[in-house]
Amino acid sequence: MNKKLLVFNWKSAPTTVDAAIKLARATENYLKSLKPKTQNLKPNVVIAPPFLFIEEVGKFIKKVKLGSQDVFWENLPTGKGPYTGEISLRQEKNLKVKYIIIGHSERRQILNETNEMINKKVLATLKAGLKVILCVGENLLIQKRGKKTIENFIENQLRKDLKNIENLKLKIENLIIAYEPIWAIGTGRSDSPEDAVKMIKYIKEFSIFNFQFSNIKVLYGGSIDGKNIKKFVKYKEIDGFLIGGASLKPKEIKNIIKSII
Ligand code: PGA
């Protein structure tokens with residue numbers, strides 16, 4: 001079985017740097033204390049804190065890798081730029097960020113982030129040598145229209161978000177897709193493992209057929225916790241999980257990591 005990837009997306013929590021350090025420490029220490037039967041079972045864990053806490057969290061983690069929840073697409077040679085409120089790739093790289101979550105549905109829906117913007121971020125991040133976690137997923141309205149409509153919707157997102165990717169010298173391990181049905185995010189109602197696997201397989205097949213990406217990693221995200229993760233981990237098609245709410249609770253973190261090894 002392949003090593004699973006766990007990405008902890010803290011979103012806009014916690015509210016203080018002390019709480020962020022405490023949480024990062026709890027995750028790091030638990031990971032360190034594990035003695036899996038084989039080293040290969042120890043998951044790769046990424047924490048994506050709010051920008052504000054990235055630097056401090058970075059000081060306390062060794063086993064855990066650092067992620068961020070977004071980035072700005074313009075990557076000027078100076079690393080600076082007149083982009084009020086935005087964080088540049090150079091700034092993130094300097095803080096030792098390795099993974100960048102791009103196109104999360106909360107950004108697409110609440111902040112009107114478009115596929116065109118997401119595409120620019122994906123290309124710039126890959127060019128800079130960092131890893132992209134590209135989020136795709138359908139809303140409830142689309143889900144209700146059935147499998148074919150969901151597939152068409154995801155295909156459209158992938159085509160637009162990955163436009164011109166063939167012009168890059170892509171290392172496939174730098175591109176990770178996260179399938180996150182919007183109706184399952186933060187609702188406590190995850191997708192069924194069987195349906196999630198079907199979509200993940202579809203995304204993998206589509207990626208081979210369209211982009212010639214074999215071996216692309218695809219994660220599942222949406223209301224995963226320390227309990228329901230057990231039903232998902234047995235599927236080899238699911239390469240890992242993008243986890244929001246549960247990644248803020250030390251007890252859940254332990255149960256999540258424990259169920260992988
Ligand atoms: P959730 O969030 O685990 O709280 O559903 C997942 C996500 O938004 O990535």
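One-based numbering, in listed order, for ligands and for the atoms of each.
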If the cut-off is 4.0 Å to any non-hydrogen atom of [X], which atoms of ligand 1 fall inside it?
X      : value
Gly222 : 5 (O)
Asn9   : 9 (O)
Ser223 : 1 (P), 3 (O), 5 (O)
His104 : 7 (C), 8 (O), 9 (O)
Gly186 : 1 (P), 4 (O), 5 (O)

Indicate yes or no: at least one non-hydrogen side-chain atom of Val46 is less than 4.5 angstrom from one of Lys131. no

Quick one: do Asp225 and Lys249 make a salt bridge, cutoff under 4.0 Å? no

SB check Glu55 Lys59 (cutoff 4.0 Å): no

Ranking Ser105, Ala246, Ser247, Gly245 by closest non-hydrogen atom to atom 4 (O) of ligand 1, top hit is Gly245

Using a 3.5 Å cut-off and no angle test, enumerate the donor-acceptor pairs between side-chain atoms of residues 138-146 and protein atoms at least two apart in sequence or in another chain.
unit_1	atom_1	unit_2	atom_2	d
Glu138	OE1	Tyr179	OH	2.9
Glu138	OE2	Tyr179	OH	3.1
Glu138	OE2	Trp183	NE1	3.1
Asn139	OD1	Leu141	N	3.2
Asn139	OD1	Ile142	N	3.0

May I ask you to check whether Thr187 has an N/O atom sitting below 3.5 Å from an N/O atom of ligand 1? no

Does Ile243 reach ligand 1 with a nitrogen or oxygen that is under 3.5 Å from one of the ligand's nitrogen or oxygen atoms? no

Does atom [atom1] ([X]) have a neighbourhood of more than 12 heavy atoms from anything else shown, all under 6.0 Å?
X      : atom1 : value
Lys254 : NZ    : no
Asn94  : CG    : yes
Lys80  : NZ    : no

Whichever hydrophobic residues join Tyr83 through chains of side-chain contacts under 4.5 Å: Phe72, Trp73, Leu76, Met117

Identify the closest protein heavy atom to [atom]: which residue and atom is it, and at what distance?
atom                   : result
atom 3 (O) of ligand 1 : Gly244 N, 2.8 Å
atom 9 (O) of ligand 1 : Glu180 OE2, 2.7 Å
atom 2 (O) of ligand 1 : Lys11 NZ, 3.3 Å

